[in-house]
Amino acid sequence: MDIIEATRIAVKSGKWIARNVKGVSPWNCVQIKPTNTSDGCIVKPRKELKHRDGVLPRRGWQPSADDLIADDWIVID
């Protein structure tokens with residue numbers, strides 16, 4: 001699905017979105033929680049980027065043009 005549809009579903013259900021990268025689990029991809037807060041979209045980095053105490057979500061997201069026009073977005077818990 002495109003990012004607009006994925007965002008609508010994620011906001012309504014309180015879930016995250018990610019690109020459905022072929023051959024890669026969504027849990028190993030960057031996950032984004034779209035919000036309407038001053039934090040903007042919350043980003044949870046890939047598992048490989050884990051902090052020693054766990055994954056640290058951070059505010060903001062700088063999408064690429066490819067991210068914005070992709071049609072492989074999925075909604076995840």
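Contact annotation: the side chain of Met1 approaches that of Ile9 to within less than 4.5 Å [non-hydrogen atoms, C-beta and beyond]. Considering only heavy atoms from C-beta on, Ile17 stays 4.5 Å or farther from Ile76 through its side chain. Side-chain contact between Ile42 and Ile32 is absent, with no heavy atoms from C-beta onward closer than 4.5 Å.
Minimum heavy-atom separation, Trp16 to Lys33: CE3-N, 3.3 Å. Scanning both residues, Ala6 and Val75, for their nearest heavy atoms gives O-CG2, 3.7 Å. Closest non-hydrogen pair, Ile3 versus Thr7, comes out as O-OG1, 2.6 Å. Across all non-hydrogen atoms, the minimal contact from Cys41 to Pro34 is SG-CA, 3.9 Å. Closest approach of Arg19 to Asp66, counting heavy atoms only: NH1-O, 3.9 Å.
By the neighbour-count criterion of 12 heavy atoms within 6.0 Å, atom CD1 of Ile4 is sparsely surrounded, having that number or fewer from other residues, nucleotides or ligands.
Interatomic distance, CD of Gln31 versus CG of Asp77, reported as 10.0 Å (0.5 Å rounding).
Looking at Trp73, its side chain does come within 3.5 Å of a backbone N or O of Asp67 through a donor-acceptor pair.
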